[in-house]
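Report on the structure given below.
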Amino acid sequence: MSTATASSPASPVPPNPSATSARLGRPLPWRIRFAFLSLIWGFSFLFMKVGNQGFAPFQVTFGRLLFGTAVLAMAMAVKRERLPRGARTWGHLAVAGFFLNALPFSLFAYSELTIPSTLAGICNATSPLWGMALSLVALSEDRPTRVRVAGLGLGFLGVLTVLGAWQGFHGLDASGTTMALLASLSYPVGWIYVRRTLAGSSESHLSLTGGQLLLATVQLAVVTPLFTSLPGHLSVLPLLAIAALGALGTGVAMLVQYGLVAEVGPTTAQMVTYFVPIIATAAGVAVLGEHLAWSTPVGAVVVLAGAALTQARRPTNSTSPQPEPDGDTQPSTPMEAPEAREVAAAAAVPGVAAAAEVSEAAGPEARTGQAARA
């Protein structure tokens, strides 16, 4: 979520970790930040379930976006960043905010009225599969390999296992599951849109992402009163869950994710995707007491294996290597790191490493071609 949030808002030159360390003191090791990001995204599904106990799903989503936007606003104030300029940019951000934040966040919140948070977390892990499938259609430069296509098939076989297809989906709420899967599909739609429209923006990633979340918040501010009424009383625990969901799972997550991408590269940063459903399942079972059938964890493993295969890289030409940015090598221009910008823009998406999934699914040739057109 991507947000977008969830990707492309990017700074012309990603922040240099060593320079940041000199000014603010040495940051936490990236593995600790990686684990923190996995935890807060994994617990996002539990927070939504708890939030639904005191508020309507649209209210949960609005609160989430409001708290997330507040965190980014504070970060922008500290760094003296301004919101993007230009009607065209704001128009693209409005679409990105819808597909990467407003729509998927709302769908997940509504889905958890009828399905367990564990299932919602596993459905979220199908985003790389949808991204792979869409990239074959929407990205003309994408050339699929047998391994990646096999990963796509394996991943959706895992989805059928999670859903218990051989039992006729018995005991499964079809509407809730469909909404969760549509939410995970919405992310790659937004990633591809952002990649095609904002990948070459000169605005900073923080500015673009702040604008995106602001517009998504406005969208929910308009929709929520039309379909919900104010709760009779404020429940403290659900309110705290929503605050944590927005401030940590959306606002802070975006900042942590972008820092990871800048330091260790998008491929390593996107690996958080594979830890989120595990944490979401553990949290749902341990904290909420949700029932776990054997097919759920088995299917989840198959889904994650398939998702990993869809990210398999095509061997690059030795004469034109495509190194990833890391702590020692920072890209010197925006065109050298389109995937880093895409990731930064969608970092607010829970459990998904933003548009890096689409960039990696499309392969290095696709990233190079897209950069040239941006």
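All heavy atoms count here, side chains included; hydrogens, waters and symmetry mates do not.
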| query | Counting N and O atoms only, with roles assigned by atom type, does the side chain of Asn52 sit under 3.5 Å from a partner on the main chain of Ala109, one being a donor and the other an acceptor? | reply | yes
| said: Would the distance check show the side chain of Thr228 and the main-chain N or O of Ala56 forming a donor-acceptor pair, the cut-off being under 3.5 Å? | reply: no
Determine the minimum heavy-atom distance between [X] and [Y], stating which atoms define it.
X	Y	result
Leu83	Leu214	CD1-CD2, 4.1 Å
Val149	Met132	N-CE, 3.9 Å
Phe99	Ser186	O-OG, 2.5 Å

| task | State which residues pass side-chain contact (heavy atoms from CB on, under 4.5 Å) with Thr296; sequence neighbours excluded, sorted by chain then number. | result | Ile122, Leu292, Ala293
With [X], which residues qualify under side-chain hydrogen bond (donor to acceptor under 3.5 Å, both in side chains), at least two apart?
X	value
Thr217	Thr69
Gln219	none
Tyr193	His92
Thr178	none

| query | Can you tell me how far the CZ atom of Phe43 sits from the OG atom of Ser38, to the nearest 0.5 Å? | reply | 12.0 Å
| remark: OG (Ser111) and NZ (Lys49) are apart, to the nearest 0.5 Å, by 8.0 Å
| message | If you count heavy atoms of other groups shown closer than 6.0 angstrom to CZ of Phe275, is the number above 12? | response | no
| message | Any salt bridge linking Arg33 with Glu263? Criterion: basic side-chain nitrogen under 4.0 Å from a carboxylate oxygen. | response |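 Result for this pair is yes, salt bridge flagged.
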Would [X] and [Y] show up in the same hydrophobic cluster when neighbours are defined by side-chain heavy atoms closer than 4.5 Å?
X	Y	result
Val223	Phe105	yes
Leu248	Leu255	yes
Trp30	Val272	yes

| task | Applying ring pair (Phe, Tyr, Trp, His ring centres under 6.0 Å), name anything that partners Phe98, two or more places apart in sequence or on another chain. | result | none
| request: Describe, in one word, how the ring planes of Phe227 and Phe58 are oriented to each other, choosing from parallel (under 30°), tilted (30 to 60°) and perpendicular (over 60°). | output: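 Taking Phe58 first and then Phe227, their aromatic rings sit tilted (interplane angle of 30° to 60°).
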